[in-house]
> 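I have a structure here, written as structure tokens, and I will follow up with some questions on it.
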Amino acid sequence: MLKRTLFFGNKTSITTHLEQLVIKTTTRETTIPIEDIGFIVLEHPEIYISITSLTKLSNNNVAVIFCDAKHMPCSMLLNLNNHYIQQELFSQQIKASEPLKKQLWQQVVKTKINYQAEHLKKRNKPYNVLNHFEGKVLSGDTSNMEGAAASYYWKNLFDFNFKRERYGEYPNTFLNYGYIILRAAVARAIAGSGLLSTLGIHHHNKYNAFCLADDIMEPYRPLVDAKVMEIMTQFNEHDLTTPIKAALLTVLTQTVYFEDCKSPLMIAITRTTNSLQQCYTGTSRKLLYPKLWN
């Protein structure tokens, strides 16, 4: 079942009653079954949410995302006990060999570059160079084809001079917000697959609690890029307004395509993290990513 994404940008009280989330504002009161929720974004500084609500949301694997004073997502609540054989899966993840992790990272990078090329092609931009880079990705991407591809991709994606920066100017803020939401979705799926987001296959910053999420999300990034470009044609604002945030959140329900079916992104991500779990347990050697566009 497709889970709902809830965004709270105003002063709100959130409690529970009979496995329902009870949402009270100054103008109305409504209830939503907790089992129907996948993500909650809490932006307003005066939102009240009860401990019981947080506990029940966590037990249902709902990713609760908290925003800072600049209205940007800054932290996330996830369930620590999501899988019935979690200890065994943790152990296998920790013991994963370096050759396996390098092969997995090679798959991630090749898929990411392929999807970047596909996105450029959809925009009628030059893309053949990316196909060349994809073919040169080695185990572990020791020649950093990911970086070379990213440089080319960003130089050719927009019709204006753009520099991709974490704290850069418009539309970097839109991209950053979308990536944070995508990261939360991947972290939620990783937890649901019984794995540790902290232990990456390539990323390994000791200050980063979501290294594995940062690894697995890479091929999905062009979907956020496409959503940002769509938003840029619909909104004149350069600031990250509430309607623009709401539009960015819809990327989670966008349709992607497996060989056997089509699926909303948030469900597709779970298929990807389950395939990663199978790679760790030795029942597969291949990560499963959908095509982002049909």
> Given a cutoff of under 4.5 Å between side-chain heavy atoms of I, L, V, M, F, W and Y, with clusters grown through shared members, what are the other residues clustered with Phe90?
Ile94, Leu196, Leu199
> Can you tell me how far apart CG (Leu21) and CD1 (Ile32) are? Round to the nearest 0.5 Å.
6.5 Å
> Any carboxylate oxygen within less than 4.0 angstrom of a Lys/Arg side-chain nitrogen, looking at Asp214 and Arg183?
yes
> When the ring centroid of Phe39 is compared with that of Phe7, is the distance short of 6.0 Å?
no
> Does a side chain donor of either Asp239 or Tyr170 reach within less than 3.5 Å of an acceptor in the other side chain?
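There is no such pair between these side chains.
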> Using side-chain contact (heavy atoms from CB on, under 4.5 Å) as the criterion, point out the one residue from Thr272, Ile267, Asn274 that pairs with Thr270.
Asn274
> Is a side-chain donor or acceptor of Ser58 paired with a backbone partner of Leu54 at a separation under 3.5 angstrom?
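No, the answer is negative, given that no donor and acceptor are paired below the 3.5 Å cut-off.
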> Do Arg271 and Asp260 meet the salt-bridge criterion of a basic N to acidic O distance under 4.0 Å?
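Here Asp260 pairs with Arg271 in a salt bridge, since their nearest N and O are under 4.0 Å apart.
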> His119 and Tyr127: side-chain donor and acceptor closer than 3.5 Å?
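No donor-acceptor contact under 3.5 Å links the two side chains.
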> Should Glu43 and Lys245 count as an ion pair when the cut-off is N to O under 4.0 Å?
yes
> Look up atom CD in Gln278 and atom CG in Leu287, then write down how far apart they are to the nearest 0.5 Å.
10.0 Å
> Name the orientation class of the two ring planes belonging to Phe162 and Trp154 (parallel below 30°, tilted from 30 to 60°, perpendicular beyond 60°).
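Ring orientation of Phe162 relative to Trp154: tilted.
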